[in-house]
There are 2 protein chains.
Amino acid sequence: MLSRTSQYALRSVLFIAENSHARRKVGVGEVAKALDIPKYYLAKILRKLAVGGLIRSSKGPGGGYYLDSEDFEHALIAIIEIVDGPDSLKKCALGLNTCSSEHPCPIHFYIGPFRDSLLQSLSEITVGDALQQLKEENVFIANLLTADEKKKENGRPDERH
Amino acid sequence: MLSRTSQYALRSVLFIAENSHARRKVGVGEVAKALDIPKYYLAKILRKLAVGGLIRSSKGPGGGYYLDSEDFEHALIAIIEIVDGPDSLKKCALGLNTCSSEHPCPIHFYIGPFRDSLLQSLSEITVGDALQQLKEENVFIANLLTADEKKKENGRPDERH
DNA sequence: TTATTAAAGGACTGAGAAGTCTTTTTTTTG
DNA sequence: CAAAAAAAAGACTTCTCAGTCCTTTAATAA
């Protein structure tokens, strides 16, 4: 559905939203470890988001990424558009570049309404809204560890990040 | 949304549905040219679909691909599942493999309904249904040519396929 | 002001999807 | 039966997305 990159981006923004403020910033390594995302790849994504104005960053000791109060107002779709490019979700389901309501593909009117509603939702839901969800009991943003992985986690501290 | 491969697959099945019957079969080259899909790549896709039982094929002179009457009853989702694998549309929007209604991601309940409805539709719409659409005025399955491409098309017969 | 910390930037690698080409097999028809 | 037509099969290439690593820049703090 979404590219892996925008999945990483959405989860990271929510993690940063939950764990930072102007005086308590989070580093790439921290996000990468918590969400099990490749660190250096994540660094690129966060840079894009910062350049795009969706998150803030500061360098140097005590630096890292954080959200300002206004940043909670951004719609989730903005995150997707920044990393995957605009219109990445608006394309014809059959990949036809000349598809439109006047010149539709055979499934245009079957698929269109759902796509539009989804787009509408993603345009309305803000980072703040999603963060509210995340604060609920049993709502999460990282994969659960399997029994196997838990064992490893204890036996040998994670060196991947 | 869908992989390019399943887009090719859906369009091809509809083209074959429209242009074939047991005594009038269509070849890969014909489909490839009509829909502007790379010929040899399409050949692989059609083979998968034939092995999967969604379309029929026969070798030799006069051979090619075609649909039997029963084949019109297949749901569109079957085509997607054959080429992209099952569940390709059922994954968590944030890519979490442990996401479920009991253990949801922050956008699970925002996104879920649309994904489910879409899946429902794709499971209900048959090849025959989509073919009906295709027979409507102004419903199409190939990209329109731009003015530029039309010029080329006339000047030098298309040798790509 | 120097050392340290963390992001920024850029070069490189790897995996999987997409695309190309050649040979083999099957079927039909003269 | 021989020739031709078309799919089947498989090897190979290319491209894009994802992932890795190394160097530079900026900010902080001792």
The residue, A/Tyr65 or B/Ser58, whose nearest nucleotide of DNA chain C is more 5′ is A/Tyr65

Rounded interatomic separation in angstrom, taking OH from A/Tyr8 and C1' from D/dT20: 13 Å

Determine the contact category for B/Val26: base if any of its heavy atoms lies under 4.0 Å from a base atom, sugar-phosphate if only primed atoms, P, OP1 or OP2 are that close, otherwise nothing. sugar-phosphate

Nearest 0.5 Å, what's the CD1-NE2 distance between A/Ile125 and A/His74? 16.0 Å

Is there a side-chain polar atom (N or O) of B/Ser57 under 4.0 Å from OP1 or OP2 of D/dA6? no

Modelled atom types, side-chain donor and acceptor of A/Tyr41 and A/Thr5, under 3.5 Å: yes

Which whole-number value in Å describes the distance from A/Asp84 CG to D/dC17 P? 9 Å

Can you check whether any acceptor in the base of D/dG19 is under 3.5 Å from a donor in the side chain of A/Lys39, or vice versa? no

Please list, in 5' to 3' order, the outermost nucleotides of DNA chain C lying under 4.0 Å from any heavy atom of chain A. C/dT4 to C/dA11

Are side-chain heavy atoms of B/Arg56 and B/Leu67 found at a separation under 4.5 Å? no

A/Arg11 with A/Glu18: basic N within carboxylate O range, under 4.0 Å: no

Closest to the 5' end of DNA chain C, once B/Pro61 and A/Val28 are matched to their nearest nucleotides, is A/Val28

Pick base, sugar-phosphate or nothing for A/Lys25, based on heavy-atom distances below 4.0 Å to the nucleic acid. nothing

Step by step, work out the side chain to side chain contact (heavy atoms under 4.5 Å, CB included) result for A/Leu49 and A/Ile79. CA-CA 7 Å; A/Leu49 291 170; A/Ile79 298 173; 4.0 Å; yes

Are B/Thr126 and B/Leu76 close enough, and set up right, to give a side chain to side chain contact (heavy atoms under 4.5 Å, CB included), and what steps lead you there? CA-CA 6 Å; B/Thr126 65; B/Leu76 296 186; over 6 Å; no

Select base, sugar-phosphate, or nothing to describe what B/Arg47 touches, counting heavy atoms under 4.0 Å on all strands. base

Please give, in whole Å, the distance from D/dA3 P to B/Lys59 NZ? 20 Å

May I ask you to evaluate whether A/Ser3 reaches the phosphate of D/dC17, defined as a side-chain N or O under 4.0 Å from OP1 or OP2? no

D/dA11 phosphate, OP1 or OP2, under 4.0 Å from B/Tyr40 side-chain N/O: no

